[in-house]
Each structure stands twice: as structure tokens, then as C-alpha cells.
Amino acid sequence: MPRMVILDGNSLANRAFYALPPLTTADGRPTNVLHGFLTMLFRLEQEQHPDYWVVAFDKTKATVRIEQYAGYKAQRKETPEGLRPQFDYLKEILTEMDVPMLELAGYEADDLIAAITKQAEAQGMEIQIYTGDKDALQLISPRTNIFLTKKGISEVERYDETTLWERYQLRPHQIIDLKGLMGDTSDNIPGVPGIGEKTALKLLWEFETVEGVLANADKVSGKKVQGNLKEYADQAILSKTLATMLTEVPLAFSSEDFVYRRSQAAKVLPVLEKYDLRNVTRLWHERHKDDEGPLSESQEESLENWPERTLTEEGWLAQIEEWQSKNISLTLACRYEGTGLQGGRWLEWGVAAQGETFTLTREAASEKVCEAWLKLMGSDQVTKILADSKTVALLLTNEGLSLKGLTLDLSLASYLIKSSRPKFAPLDLVKEYVPNQAAFVNVGEEAAALAQVAPKFEEEIQSLGLAHLLHEIEEPLCMVLAQVEHHGIAVDSEQLTVFGEGISLTLRQLEQDIYALAEETFNINSPKQLGAILFEKLGLPTAKKTKTGYSTDAETLEELRLAHPVVEKILDYRQLNKLMSTYVNGLLAQAKNGKIHTTFQQTVTTTGRLSSTEPNLQNIPIRLEQGRLLRKVFHPTEPGWVLLSADYSQIELRILAHYSQDPLLCESFALGQDVHTRTAAEVFGISLDEVTPNMRRSAKAVNFGLVYGLTEFGLSRDLGIPRKESKFYIEQYFKRYSGVKRYLEDVVTQAKKDGQVRTLLNRLRRIPELLHANRVQRQFGERIAMNTPVQGTAADIMKLAMLKVAEGLKPFRATMLLQVHDELLLQVAPEDLESVAHMLKEKMETAYPLSVPMTVECKVGPNWYDMQPFHTN
DNA sequence: TGCATCACG
DNA sequence: ACGTACGTGATGCAA
């Protein structure tokens, strides 16, 4: 049964106005009604799933009832100052939400509601009416329920015939009789003097209607009541008439006018922002969280059942031949054992093509078929759609083959559409469009499902302008990454073990020293126990706290270094313990055959960077000497070869210069100056040669902060200076670099408008935090808006460079080993070093030319520690 | 499993 | 009066 929800706009707005505290926008416009009304609206939308809905409003004060009774509503107070404008705001918002509204000059919302109800009933709908006005109870029927606001507004109480009877022992049609007798001061319906709710109910239980009561006035107990009934009989009848909701209104409408439509973020969010309705925005997101992204327009999609074809050996060979000769597009799913990386083996392929599915099982297939199939996988001519093609490529690499002809990787597509989505497995991808999809029983079914959602992903990619990024960058890159992962990097396990033994020794000594100084043994690795020792037993001053107790991080301990000798030991212990557990033991556990194979995650970060896992080779120590030594164990696989690294110099600041076109920043890079020194000179108003190392340090911190969304707090903490001083630096900076200031302001403004930001290569990040109700979250959103285009563009450029470098490496004896965000690590045969270094620098610097030059610095060495600058000719 | 901590860019 | 730099992953503890 279709469901129609009708809301009494005026009644609910009034309720909200008096029930809620006087909320306003930043510039003082009242908004409490908006909060109350919309909160309720979202809740009923979520709970009731209306098929039709409409909000009815009163229009003008000249209602038809004035003709009937001049006193009607005469005593109703003027609409209060704070409420009146909110009707306009509310209507504006409802318009943007595509919520139908109805009003008619001379009529009240009540009457419209009655009229709509009558019509909807005739059409066999179920009707729900939301109002604060008990008059509406008269409309109750088997098809119509009333939801009366309880205290507040978002709480409602449902009335049907049964509940009405339980509460008042009245039938719905008697509501008007009740009003006729007791009146209604708010509507100025007079009723009969001396008769309140109690008396009226008693009378109606006995005599049913006003007319019944009047006819039997003599039998009524109580002289005063009897007298008043006789004296005010006409007034009682009139009151009943006034309380009767009109069902005849001179307005033609059809239920199709009230069809429920899901609201659209692009229209709704700006208007909610306009009225500072952050809580409401949060609720909206909550309400619509399931239908963001590509889902919204295809909720009702379901999958077709593609028939499964079973083939004989001859059948397979013929089929493969046909796919090959006709260049049929295949959608593939794969089951495998082990990991893609470390000798994993494919077990089954699910193939979807032209409305049919096929399953190729390793066990069952003949060698001939497997051979033909794998040849097909390596054919550029047969195009393929896959989820997680990097793993598939690795599985094929394990068999000495390569994957060719990839035209769409659904995992990468999904990541570009919404980088914050946590999962990109086939089932999750299909669920984007077919929410109820259960787990796949077999690969054929999975392939068919992927084949059917693939066009929707491609469409979404096209419409978001992400096609180039996907097809020309991410997809080709994943093949490069597969090669890099498969190759791995050589580590000297013995050397690593020796390194670890040295650390162990020191660690054991530190442990003993700490126990001695603390005068007891405890688990130093437990922040809880450590906190107890330091701050309770030893009584050191507590500075910071965490959610769970005392803070004992390095920054806190650094402050306490002089307070007690144990602190320094603990700092040393922490540092070495980290090296031992994460790096020595962690890497040893990963080393196989003298090599380590990391996995580059291509669909994890929100900015477009790669990440590295199992192990993470993007965070090998370098800043502190003790840890840096660990890099000695990374060396080339081939004897005599060398490691060659190339890193972008100041890539993020250069991108900031490009975006902002700030003259000073651009000039600094154009002249090849040391950008931190130049910044110091500008901020302190001195010449370049007057800049002291300390000034440069401060300027460097400012430059770093800029990219993150500079805050006084962050800068003061980073530099260990008072807030006042960091504030001064920032002010000075923005005075000199006003172009940077303007850019950062603009990017935030634009992000608030769009709800998203983009990188130079069009990578997209949505920033829902900008609309968060919480101010801290919102400011976080602003910093994201400032940071993501910069960090993301750097990631884009690096990815582009990797593609060009990988191509450029082909003629040489050299391989790519690692990417560490702004650095590439290669190994090269010595005879090719000069050429490769030259090519590497060239490709990286020109990967995506900006309005300021890019510079790349190369280093060479026998291991990752002993790297010396290398200058190409 | 969530938190605290710390390694990197 | 708040709580704050951006992006990651691994480890160990304590529930």
C-alpha cells in the first residue's frame, strides 16, 4: 500500500519555535524552527519511507472561517518576531530538498490536510499526518494515522482508532464534538462556558455528539452545566462547525504532485550551510550515507543471471580462439592460493563475456587449455575488466607471464570515485550498485556481477572527469608496481642480525639501569605502568594527559629529561626498542631468499599517495643516526651494481608556488634559491646573507606548516616557541607572501562551495568534514582542503614520473626498487649508471611541468646508507 | 579491538 | 572556551 505522509507546516513550526532554545546563525538570524522541523523530517523520512509526502502551510490571515465567526482566532497572538522569517527560510530549504509544499490563499493547513487525506484515502493509500494540533485526530480512519508531537518536536505519538479509544474512549468523528463543547482557546473556538475536557468527555460518552448532548441537556447532572448548555447551544453548534476540517478546497492537485524524491546533496547542502545548520547537515549525511556516490541513482538495480557454460577441452580451445579472433571484452574474477606476491597460484578463473559465464579450473583444465588461456591473458588484443589487477598481474608474473589488455580496473575506479571508501574487494564493488548482493558462490557469478556493474563505474568515472587519471595513470601504474613488488629489494639478513645483536645488548643494559633507577621492575613498554612509575612513584610533574592516563610520549619526556636521570634512559630505550621490534625483527621476519617484497597499496590514502605494507618500506629510519645505520642492510641484488636514488626537492612548496602564483615564492624557485633562507629573509625583513641558522629553521617550519594548513598552535609546538611568536611569524609570512594567503583562502572557499577539492591532474577528494557540526572537525576540513591539492598533486606527478621512468628503464640494466613519496630508489649496473641517472632526473623533472622548475637530486651508493650526491652531465 | 607511540614523507 | 598542524603503517599493551 503506498504511503502518504502529510505534515502540518505551521503547527510543527510553532511547536519547534517554542520547544527549542533560540538558536541563530552566526549573523543572528533565528533558526531553531529549522533545526526542529528538519530533524523531525529526516527522522520520519528514515523511519517511514514515504512514497508521497507534502508539507501544508496556512496562507494569509483571511480564512474562510472569518466569515463564519468574527472572533475566530482573533485572540491568537501575532506571529512572534523570531518565528516569522523562519517560514521563509524553511520553505527555501524544503524547495531545495524537493519536498512538495502546498498552500492556498484563504485556507489553513488543516483544511488542505483534510482534503489531501480524503483524496489519498480514495486512492487506497496509507496516510500519516504529522502535526501538533489535536484537531487532526478527527481524520483518523483505518487508513489514516495521526502523529502528534509530544514534548519537544522530534518525539511523536501515533494515534489510530484503537489508541484514540484507549485514551479518550471516543471515535474519531467525536473529536469535533469534543471541541464543540470544550472549545479551544488557541483557536479562539468558544465552546460552552464551564465545560472543560473532563466534562465534555463525560457528556460525549453518554450522548455521543454535541447534538445528542444538547437534546438531552435536561438529563445532564449539574445545574450550572445544564444551564450553560441551554444558553450556549448555538455557540456549541458553531464551535463544532469551526472545529470541523474542510475537505472541499478549490484546488486541483494530484497525488503525483507529492511523489517522494530523495534530496540531492548539491542542492541541499549549500542551503543548509547558508543557515549554519551544521547539526542538520550531519543528520542529512547520516540519513543519506547509504546512497552517496554512484549508488544514488541506481538503488533498484539488480543483477541478471548470466547462464554458465560448461566447456569440454575442445570447447575451451574453440572459445578462447573465438575471444581472441573477435577481440571480445572479458570480465574476469580470480581465485588463488597464497598471496599474489609470494608465489601465489591461481586456482580458478571466472570469465564473463557476452551474457555468459565460464569457469576455468586449474585442476580440471588440460595443459593445452591453460596454455591457450594464459596466452590470452597476455594479449593486448583481448581487453579485460578486473578488480585488483595488480594481484592478478602478480599471479601471472609468478608463472613468468604478464597481464595485458587491461581496460578497466574496478578497484582503482572505485578508489578514484571515492578515495575514503575502505574496501575495494569485488563484493564491495558490486554492492555499490546492488546493495543486497550476497557473497559470491562461484567465480563465474562474480565475474558476471562485475561485468554488469563495470559500465556504471566507467560512466561515473567519465562524469567525474577521472578517466585520464584512471586509464592513463593508475591502471598503467599498477602494472609497474606489480613488477616492482615482484622484484623486491635485497637485504642482508646476517648484517641485520648483527645490527640487532648490538641493539639487544644496549637494550638489556638500559633495561637494568631503568629498573635500578626506578627501584623496581616493570614493563617499560606499557605506557600505563611507565606513567605510574614516573608520575606517581617518582612524582615527576605531569604535563599532558591522554584519554587513558598520563602521556609518556617522547615530547613529554623530553621536557622531563633533567627532572630525573631515568627519563633519558627511557628515551633511549624507546628509540632502540622501536628499532629492534619494528625494523630488525620486523624486517628479518619478512626477508625471504635475501629479499624483501613490500606491497604497495594503491587504493588506501585519501590524497592519492601510495602506501607500503608488509613490510612498510616507506618509513625506514633516516632522521636519527642510530636508525639511519639500518639502511646499510639494503643493497643491490646484483654484485657490483649500485643503488641510485632520486628525490624531488621541495616538491610540495613548488606546487604551492604553482597554485598560488605568488611572485616571491615563484621567484625564489625560478632563481634556484634556498627557499627556507629566502623565506626567513622575507619574514624577518633582512637580506639573504643576514639569515641565521635559527631564522632559517623557523622559516622552514613555517614552510612545512603552510602545506598542512598552518596554525599558530602547530607552529609554536613544532618550534617550541610561545603562541605569540608563532602568530607573529605567520602574520609576517602572509604579509610578504600575500599570494599564498589568497590562494589558501580561495581553496577553502571553493572547497566549501563544492564539498570537494581536486589536484592538478583532477584527482578528487570529497571533504564532508567541512560541513561537520563540530567546529574542530570543520577546521580540520579546512586544513584538508589546503593540504590535499598540494600533497595529492605531488602524488600525481610522482606517479606520472614512475610511468615514464619505468618506460625509460627498458633499454638499461636497471630496476625500480621503491617509491617513498618524493623519492625513487633504483638499482643500476655501473655501466648504465650515467645514462640511467640522466634519464631518471630528466623524466622526473619533466613529468608534469609547472610554472616553476622542478629539480631532482640523485644519489648513488653501495647501500641505502652510504649514498653520495651524483651529478649527471 | 582501540589506544598510544613512533618510524617515514 | 575549545583542541589543532597533512598523509601513512607497525608494534605492544590492555581491555
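Chain identifiers are assigned alphabetically (A, B, ...) following the order of the sequence lines, protein sequences preceding nucleic acid strands; residue numbering begins at 1 within each chain.
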Give me the ring orientation class for [X] and [Y]: parallel if the planes are under 30° apart, tilted from 30 to 60°, perpendicular past 60°.
X	Y	result
A:Tyr415	A:Phe424	perpendicular
A:Tyr729	A:Phe684	perpendicular
A:Tyr737	A:Tyr733	parallel

Without hydrogens or angle criteria, can the side chains of [X] and [Y] be said to hold a donor-acceptor pair below 3.5 Å?
X	Y	answer
A:Asp553	A:Thr556	yes
A:Thr599	A:Glu614	no
A:Arg697	A:Asn694	yes
A:Gln732	A:Glu682	no

Results of side-chain hydrogen bond (donor to acceptor under 3.5 Å, both in side chains) for A:Lys735 - residues two or more places apart only
none

Heavy atoms under 4.0 Å, any strand shown: does [X] hit a base, just sugar-phosphate, or nothing?
X	value
A:Phe704	nothing
A:Gln529	sugar-phosphate
A:Ala589	nothing
A:Glu712	nothing
A:Leu579	nothing
A:Asn616	sugar-phosphate
A:Ala795	nothing
A:Arg775	base
A:Val820	sugar-phosphate
A:Leu610	nothing
A:Val790	nothing
A:Thr711	base

Closest nucleotide of DNA chain C for A:Val776 versus for A:Thr788: which of these residues is on the 5' side?
A:Val776

If you go through the side-chain atoms of [X], does one of them form a donor-acceptor pair with the base of [N] closer than 3.5 Å?
X	N	value
A:Arg778	C:dT4	no
A:Arg623	B:dG9	yes
A:Gln791	C:dC6	yes

Spacing between [X] atom [atom1] and [N] atom [atom2], to the nearest angstrom:
X	N	atom1	atom2	answer
A:Leu576	B:dA7	CG	C1'	14 Å
A:Tyr708	C:dC6	OH	C1'	6 Å
A:Phe535	B:dA4	CZ	P	14 Å
A:Ile721	C:dA5	CD1	C1'	14 Å
A:Met580	C:dA10	CE	P	19 Å
A:Leu818	C:dG9	CG	C1'	15 Å
A:Asp718	C:dC6	CG	P	13 Å

Are any of [X]'s side-chain N or O atoms less than 4.0 Å away from OP1 or OP2 of [N]?
X	N	answer
A:Arg628	B:dC8	no
A:Thr548	B:dA4	yes
A:Thr546	B:dA4	yes
A:Thr552	B:dT5	yes
A:Arg609	C:dT8	no
A:Lys528	C:dG12	no

From [options], nucleotide with atom closest to [X] side chain:
X	options	value
A:Pro527	B:dG9, C:dC6, B:dA4	B:dA4
A:Asp553	C:dG12, B:dT5, C:dA14	B:dT5
A:Lys578	B:dA7, C:dA14, C:dT11	B:dA7
A:Thr606	C:dT4, C:dT8, C:dG12	C:dT8
A:Ser526	C:dC13, C:dC6, B:dA7	C:dC13
A:Val604	C:dA5, C:dG9, B:dG9	C:dG9
A:Asn787	B:dC6, C:dC6, C:dA14	C:dC6
A:Gln779	C:dG3, B:dA4, C:dC6	C:dG3
A:Arg783	C:dG7, B:dC8, C:dC6	C:dC6
A:Ile622	C:dT11, C:dA5, B:dG9	B:dG9

Pairing check on B:dC3: which nucleotide meets the Watson-Crick or G-U wobble criteria with it, both distances under 3.5 Å?
C:dG12

